[in-house]
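A quick write-up on the structure given underneath.
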Amino acid sequence: MTLPVLFKLALGDPRESPRRNWPLLLGLVFGLATWIVLEGFTRGATSWIRERVGGSIPNRIRVTSAKTQIGPLQLGGGLQPEAVEACKAIDGVEQVYRQAHFPGPCQLFANYGDEHLTTDLILEGVDPGQVASQLPNPDRFQDTTSSEVPAVIPRPVLDILNAGISAHTRLPNLSEQALIGRSFRLRVGSSSFAPGPAIEIKCRIVGVSDQLGVNGPAVPMAWIERHAQRPIEYHSLTLELRPDADLDQIMASVERLGLAAPDLDTANRIGQASLFAQALAGVFALSILLVAAVGIGSGFMVKIQLEKHDIGLYRSLGARRGDIARIYLVRALSLGLQGALLGVLGGGVVGLVLARVITSYLPKGLSETMVLFQPSWFSFLVALLFGPMVAVAAAWLPARQGARLEPGKILRG
Amino acid sequence: MRGLTLRFGDGPCLFQDLDLQLSDPCWTALVGPSGSGKTSFIQLIAGLERPSRGEVWVAGRQLDYSRDDQLSLHRQRVVGTAFQHFHLQTDKTSLENLLLPLYFSGLDLTEGRKRAEQFCEELDLSSLLLSPVRQLSGGQRQRLALARALMNQPRLLLADEPIGNLDAQSARRVCDFLQAQRKLGLSLLVVTHDDLLLEGVDQILRLQDGHLSVESRPT
């Protein structure tokens with residue numbers, strides 16, 4: 001039997017229309033759509049958490065002294081200029097950016113609507129290169145001569161601020177665009193815990209960056225160096241790597257210097273958790289597909305019973321057992337492809353709609369930067385392969401049984 | 001055939017130890033009372049039933065009932081079967097039904113289409129070639145089933161009551177059609193009680209009480 005004939009006999013039958021086959025399609029579509037949705041949300045959440053922890057700029061590692069670090073808290077141990085030079089000397093490191101706390105207390109005063117915000121904080125100093133690529137106008141962050149000191153807000157802090165605004169006020173959330181150009185006052189050298197002589201400065205926000213960790217607002221390192229009363233120790237260094245750099249070798253060099261990359265460890269742990277979540281999503285989708293396969297198998301059994309007469313006729317006209325089996329397997333393949341296409345499409349649409357609904361409940365500033373649903377090409381490919389595979393596997397036994405029917409017995413009635 | 005025996009399950013033998021040799025080409029009629037096993041006899045030769053015992057040789061080759069592929073090839077190339085109950089696909093057109101045997105034998109479909117048109121013309125079915133079979137009358141269906149059995153140009157036509165539902169004129173047309181095929185070397189084993197068909201056969205076999213006997217031709 002030639003291929004065109006096989007397809008004609010398998011799919012040319014009006015009984016094979018999707019309208020008639022929808023009960024068999026349903027399980028496949030549901031299983032595959034579930035996979036697309038769960039995988040997409042797992043990836044979306046993972047990528048969001050990763051960005052918040054390690055930032056979105058590739059080929060960067062943040063290193064700290066290998067002392068105890070619990071989230072944003074680091075217990076002791078600053079880095080000296082020698083560590084900066086040592087890191088610059090590591091093969092594969094293109095640039096080293098320093099980040100330090102201002103060595104003294106600090107207090108922030110800001111207004112938003114009728115709300116007044118006063119908080120003690122740790123003022124950060126960073127090399128401009130660390131955040132430059134994320135600022136709409138990088139030059140403004142270099143300028144420390146004007147009366148207003150340029151400041152960058154860490155992205156996670158903006159998220160926390162927005163969560164607070166949502167929970168406690170009726171004010172709209174703060175987006176990056178809304179923040180740029182706004183200003184706040186800093187009292188440097190004094191806080192509610194350590195009152196003392198202080199200078200008061202005005203800061204203008206020039207951007208938001210995910211390169212700063214969960215810290216206070218950051219001003220240029222040069223300003224910190226100029227105003228610090230005692231020597232500065234850097235709490236972390238951000239190494240910018242060449243794209244072809246060997247990460248393992250660099251990490252070995254970093255460890256030899258007595259430094260650690262806690263963000264990298266966290267990212268690895270997040271990666272493992274994400275893989276586990278994806279595997280769980282896969283198992284869940286597979287269990288739905290298993291039920292769908294049982295349905296398809298039963299459906300094909302019924303089909304074979306209903307079409308027994310045609311099978312007998314084909315066999316009496318010279319069809320081989322293999323021809324009969326192939327007819328039903330091509331039908332299953334077609335059903336699987338239809339299920340896969342509808343599942344991928346349905347999963348994509350449901351995922352997008354769900355993501356939109358969820359983000360509509362999130363603070364505005366947060367939802368703007370958050371792509372919750374990020375399905376991968378891999379998941380589409382898996383769905384497109386699995387749909388037909390499951391359908392063909394489910395129809396295998398019924399097709400085999402149909403092929404083994406005795407034509408004489410069928411035609412005898 | 002030698003020692004051909006057929007029984008279904010644990011039931012009694014439908015026929016037992018039948019021996020028969022037919023020349024090629026040869027036109028043979030099979031007669032016998034209802035339930036004597038005529039249809040089963042034909043299906044055995046078509047390879048659609050498996051004998052309990054014995055062997056069948058067609059066109060110089062023994063049918064190996066244990067090899068399904070060989071039986072399929074036998075049905076594709078050697079025999080054509082016109083069933084008593086037609087077994088047509090009623091939701092398909094006459095042409096689609098006629099082309100079905102060619103789908104499995106892999107014979108040329110263009111030539112097959114021409115043959116289908118020619119058969120339909122000879123059997124007065126031309127105007128119904130593209131009509132769904134459900135629109136055809138019983139007689140038209142019977143002629144169509146006969147035409148389908150000949151689409152693969154078999155050496156042996158097995159026909160079960162091929163003119164049973166036909167009026168005299170149509171029956172005559174079918175007989176003429178078969179005679180034309182006979183000139184091309186077709187052998188025929190036909191189950192019939194119709195004198196019109198019996199007139200044209202070389203010999204008549206009677207199957208009764210499980211035994212096969214050769215009867216004289218009607219004068």
Side-chain angles (χ1 to χ4, degrees), chain A residues 1-21 302-331 334 396-413, chain B residues 6 8-9 14 37 39-51 65 67-93 96-109 112 132 145 148-149 151-152 154 158 160:
Chain A
M1 190 163 50
T2 61
L3 266 184
V5 165
L6 174 62
F7 280 96
K8 185 181 166 65
L9 289 177
L11 308 175
D13 196 315
R15 286 173 294 198
E16 283 311 300
S17 70
R19 203 160 50 88
R20 288 197 175 205
N21 278 333
V302 173
K303 240 183 223 287
I304 298 249
Q305 282 306 310
L306 292 174
E307 295 170 15
K308 218 157 65 169
H309 174 261
D310 287 343
I311 294 173
L313 173 65
Y314 291 168
R315 296 279 281 129
S316 76
L317 296 176
R320 294 178 164 89
R321 282 179 174 164
D323 293 334
I324 301 297
R326 274 191 286 275
I327 287 173
Y328 284 95
L329 291 179
V330 165
R331 286 183 184 176
S334 157
W396 186 268
L397 206 63
R400 195 163 166 267
Q401 284 191 0
R404 287 178 170 270
L405 288 173
E406 288 293 336
K409 203 171 169 185
I410 298 170
L411 296 177
R412 217 187 305 135
Chain B
L6 178 68
F8 292 119
L14 204 54
T39 299
S40 298
F41 185 84
I42 276 188
Q43 293 207 343
L44 272 172
I45 296 171
L48 292 169
E49 293 283 2
R50 291 165 204 271
Y65 290 97
R67 289 181 55 199
D68 201 78
D69 273 7
Q70 201 217 49
L71 293 179
S72 294
L73 203 65
H74 171 70
R75 292 193 286 266
Q76 286 172 12
R77 301 284 160 89
V78 185
V79 296
T81 312
F83 299 99
Q84 188 178 11
H85 301 297
F86 321 145
H87 296 307
L88 294 163
Q89 290 192 301
T90 53
D91 52 346
K92 292 191 171 146
T93 65
E96 284 172 321
N97 273 277
L98 288 176
L99 292 179
L100 263 182
L102 279 75
Y103 289 162
F104 304 114
S105 63
L107 293 178
D108 185 52
L109 282 174
R148 187 185 61 192
M151 282 298 291
N152 275 348
L158 303 165
D160 199 350

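Note on naming: letters A, B, ... go to the chains in the order of the sequence lines (proteins, then strands), and numbering restarts at 1 for each one. Note that the structure is predicted; figures quoted are calculated from it, not measured.
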Find the one option among B/Thr81, B/Leu71, B/Asp69, B/Thr39 whose heavy-atom pairs under 4.5 Å with chain A are most numerous.
B/Asp69

Rounded distance (nearest 0.5 Å) linking atom CZ of B/Arg148 with atom CG of A/Leu317
5.0 Å

When only pairs under 4.5 Å are counted, which of B/His74, B/Arg77, B/Gln89 shares the most heavy-atom pairs with chain A?
B/Gln89

Can you tell me how far apart CG (A/Leu313) and CG (B/Asn97) are? Round to the nearest 0.5 Å.
7.5 Å

Which answer fits A/Leu9, side chain, backbone, both or neither, if we ask what part of it has an atom under 4.5 Å from a heavy atom of chain B?
side chain

Euclidean distance, A/Thr2 OG1 relative to B/Leu102 CG, rounded to 0.5 Å
11.0 Å

How many angstroms lie between CG in B/Leu48 and CD in A/Glu406, if you round to the nearest 0.5 Å?
9.5 Å

Could you pull out the closest heavy-atom pair between A/Ala319 and B/Ser72, with the gap in Å?
O-OG, 3.3 Å

Do you know which two heavy atoms are closest between A/His309 and B/Leu88, and how far apart they sit?
CE1-O, 4.2 Å

Closest heavy-atom pair and its distance - B/Arg75, A/Arg315
NE-O, 2.7 Å

Region of B/Gln84 in contact with chain A, defined by heavy-atom distances below 4.5 Å
neither

Short question: side chain of A/Arg320, backbone of B/Asp68 - any donor-acceptor pair under 3.5 Å?
no

So for B/Leu44, is it side chain, backbone, both, or neither that comes closer than 4.5 Å to the heavy atoms of chain A?
neither

Which portion of B/Arg50 sits near chain A, non-hydrogen atoms under 4.5 angstrom
side chain

Separation of A/Leu411 CG from B/Phe83 CZ (nearest 0.5 Å)
5.0 Å

